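First the structure, in the form of structure tokens, and then the observations on it.
Just so we're clear, the structure is a prediction, and the values are computed from it rather than from any experiment. Residue numbers count from 1 along this sequence.
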Amino acid sequence: MSGWVKVAGLGPGDEAMVTDQVRSALADATDVVGYIPYVARVAERPGLRLHPSDNRVEIDRANHALDMAAEGRRVVVVSSGDPGVFAMAAALFEALEARSDPDAFDIEILPGITAMLAAAARLGAPLGHDFCAINLSDNLKPWDLIEKRLRLAAQGGFAMAFYNPRAASRPGRFERVLDILRAELPGHVLVSFARAVTTAEEALRTVRLDEATADMADMRTMVIVGNEDTRRVGRWVYSPRRAG
């Protein structure tokens with residue numbers, strides 16, 4: 001039996017947003033590996049082994065998947081959203097880079113709908129022009145680098161999508177993010193808070209930057225900051241295709 005590894009994005013939460021390609025891979029898999037809440041989204045069935053693991057063990061998870069594939073098993077590594085956006089695809093390749101025979105593995109990355117894109121669709125088109133995505137967690141990069149990227153993105157006129165805006169382990173950091181944005185951008189810039197998008201707990205809120213407060217976000221919130229041209233039309237928010 002020939003083994004393989006597929007890294008799959010399960011989308012932002014709504015099962016209707018899981019792609020047919022991902023469903024097919026899960027149906028053919030012998031093993032599913034991933035963070036506990038993501039593996040819990042995969043239905044159990046005869047012949048399928050589920051391997052949930054805790055947060056911050058991404059490399060161990062990736063090596064486990066590669067080891068099982070080398071034994072001939074068909075492994076799906078699951079992430080939420082898209083596996084290539086702050087998720088398991090990069091971790092898998094990091095683990096692969098340490099192997100002596102990387103070309104020996106059959107690997108495929110299966111894209112999914114990101115929380116960023118799902119949130120933007122719910123809001124309208126706030127990412128309709130140039131934009132960037134920034135992970136505000138400093139688990140894997142220094143906080144000084146996050147601050148530098150925030151300032152440069154604001155100065156460059158990008159709309160911004162923020163992942164992991166707040167956590168109990170870094171109280172006060174999102175307030176610092178807002179202070180940086182206020183120093184670089186006018187107060188009328190729109191900031192949207194999209195919490196638990198596509199789930200029953202979904203909540204959307206858009207305010208001006210000078211009205212935004214840190215308690216408007218938590219770890220389940222995608223924050224989208226518009227550029228200076230981003231505007232409201234009815235209940236929608238969009239960034240015009242022409243800038244400047």
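Using a 4.0 Å cut-off between charged side-chain N and carboxylate O, Arg166 and Asp218 make no salt bridge. A salt bridge is absent between Glu211 and Arg182; no separation between the charged side-chain nitrogens and carboxylate oxygens falls under 4.0 Å. By the 4.0 Å N-to-carboxylate-O rule, Arg242 lies too far from Asp229 to be salt-bridged with it. Between Asp28 and Arg74 there is a salt bridge, with a side-chain nitrogen of the basic residue lying less than 4.0 Å from a carboxylate oxygen of the acidic one. Taking the charged nitrogens against the carboxylate oxygens, Glu202 and Arg122 do have a contact shorter than 4.0 Å, which makes a salt bridge.
One hydrophobic cluster holds both Leu136 and Leu209 under the rule that ILVMFWY side chains link at heavy-atom gaps under 4.5 Å. Under a hydrophobic-cluster definition in which Ile, Leu, Val, Met, Phe, Trp and Tyr are linked whenever side-chain heavy atoms come within less than 4.5 Å, directly or via other members, Leu181 and Ile224 are assigned to different clusters. In the hydrophobic cluster analysis, where Ile, Leu, Val, Met, Phe, Trp and Tyr join through side-chain heavy atoms closer than 4.5 angstrom, Leu123 is grouped apart from Val191. Placement of Val22 and Tyr35 within a single hydrophobic cluster is found when ILVMFWY residues are connected by side-chain heavy-atom separations under 4.5 Å, directly or transitively. There is no path of hydrophobic side-chain contacts, each under 4.5 Å, that joins Val85 to Ile109.
For the residue pair Leu150 and Met160, the shortest heavy atom distance occurs at O-SD, 4.3 Å. Of all non-hydrogen atoms in Leu48 and Ala29, the two that sit nearest each other are CD1-O, 3.6 Å. In plain terms, the two heavy atoms of Val177 and Phe162 that are nearest each other are CG1-CE1, 3.9 Å. Pairing each heavy atom of Ala214 with each of Leu178, the nearest pair is N-CD1, 3.6 Å. The two residues Pro126 and Ala159 have their closest heavy-atom pair at O-CB, 3.7 Å. The two residues Phe105 and Leu66 come nearest to each other via the heavy atoms CE2-O, 3.3 Å.
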Inset, instruction - Starting from the C-alpha separation in whole Å, work towards a yes-or-no answer on side-chain contact (heavy atoms from CB on, under 4.5 Å) for Thr230 and Val189. - result: CA-CA 7 Å; Thr230 303; Val189 165; over 6 Å; no

Inset, instruction - Check step by step if side-chain contact (heavy atoms from CB on, under 4.5 Å) holds for Thr30 and Arg49. - result: CA-CA 6 Å; Thr30 60; Arg49 299 179 188 175; over 6 Å; no

Inset, instruction - Show the numbers, then the answer: is there a side-chain hydrogen bond (donor to acceptor under 3.5 Å, both in side chains) between Ser137 and Asn135? - result: CA-CA 6 Å; Ser137 170; Asn135 189 339; 4.6 Å; no

Inset, instruction - Dump the intermediate steps for side-chain contact (heavy atoms from CB on, under 4.5 Å) on Tyr163 and Ile134, then the final yes or no. - result: CA-CA 6 Å; Tyr163 282 76; Ile134 301 176; over 6 Å; no

Inset, instruction - List the steps and the verdict of side-chain contact (heavy atoms from CB on, under 4.5 Å) for Asn164 and Met219. - result: CA-CA 5 Å; Asn164 300 315; Met219 282 297 286; 3.1 Å; yes

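Using a 4.5 Å heavy-atom cutoff, the side chains of Leu50 and Val42 are in contact. You'll find the side chain of Pro12 reaches within 4.5 Å of the side chain of Met17, heavy atoms only. For the pair Thr199/Asp14, no side-chain contact is recorded, criterion being any heavy-atom separation below 4.5 Å from C-beta on. Side-chain atoms of Met222 and Val197, non-hydrogen and from C-beta on, never get closer than 4.5 Å to each other. Between Thr221 and Phe174, every side-chain heavy-atom pair lies at or beyond the 4.5 Å cut-off. Residues Ser53 and Glu58 have side chains not in contact (no heavy-atom distance under 4.5 Å, counting atoms from C-beta outward). Residues Val207 and Phe193 form a side-chain contact, since some pair of their non-hydrogen atoms from C-beta on lies under 4.5 Å apart. Annotation: side chain of Leu26 is in contact with side chain of Val32 (closest heavy-atom distance under 4.5 Å).
For the atom pair CD (Glu71) and CG (Asp31), the distance works out to 9.0 Å, reported to the nearest 0.5 Å. Note that CG of Leu10 and CD1 of Ile113 are 11.5 Å apart. Values are rounded to the nearest 0.5 Å. Atom OG1 of Thr213 is separated from atom CD of Glu175 by 8.0 Å, given to the nearest 0.5 angstrom. Atom CD in Glu147 sits 11.5 Å away from atom CG in Leu152 (nearest 0.5 Å). How far CG of Asn63 is from CE of Met68: 11.0 Å, rounded to the nearest 0.5 Å. Between atom OG of residue Ser80 and atom CZ of residue Arg41 there is a gap of 7.0 Å, rounded to the nearest 0.5 Å.
Heavy-atom neighbours of Leu140 CG from other residues, nucleotides or ligands within 6.0 Å: at or below the threshold of 12. Within a 6.0 Å sphere centred on CD of Glu201, other residues, nucleotides and ligands contribute more than 12 heavy atoms. Counted within 6.0 Å of CD on Glu44, heavy atoms from surrounding residues, nucleotides or ligands total 12 or fewer; the atom is thus considered open. Counting non-hydrogen atoms of neighbouring residues, nucleotides and ligands closer than 6.0 angstrom, the CZ atom of Arg23 exceeds 12 such neighbours. Remark: Arg99 CZ is packed, more than 12 non-hydrogen atoms of other residues, nucleotides or ligands lying under 6.0 Å away. Within 6.0 Å of the CZ atom in Arg45, the count of heavy atoms belonging to other residues, nucleotides or ligands exceeds 12. By the neighbour-count criterion of 12 heavy atoms within 6.0 Å, atom NZ of Lys141 is densely surrounded, having more than that number from other residues, nucleotides or ligands.
Residue Glu184 is tested with Arg151, Arg149, Lys148 for a salt bridge (Lys or Arg N to Asp or Glu O under 4.0 Å); the sole match is Arg151.
Side-chain atoms of His188 come within 3.5 Å of backbone N or O of Glu228 as a donor-acceptor pair. No side-chain donor-acceptor contact under 3.5 Å links Arg208 to the backbone of Pro186. Between the side chain of His129 and the main chain of Arg241, a donor-acceptor pair closer than 3.5 Å is present. Side-chain atoms of Ser79 come within 3.5 Å of backbone N or O of Met88 as a donor-acceptor pair. Checking side-chain atoms of Asp106 against main-chain N and O of Trp4 turns up no donor-acceptor pair under 3.5 Å. Asp101 contributes no side-chain N or O that, together with a main-chain N or O of Ala104, makes up a donor-acceptor pair within less than 3.5 Å.
Separation of the Phe131 and Phe158 ring centroids does not fall under the 6.0 Å cut-off.
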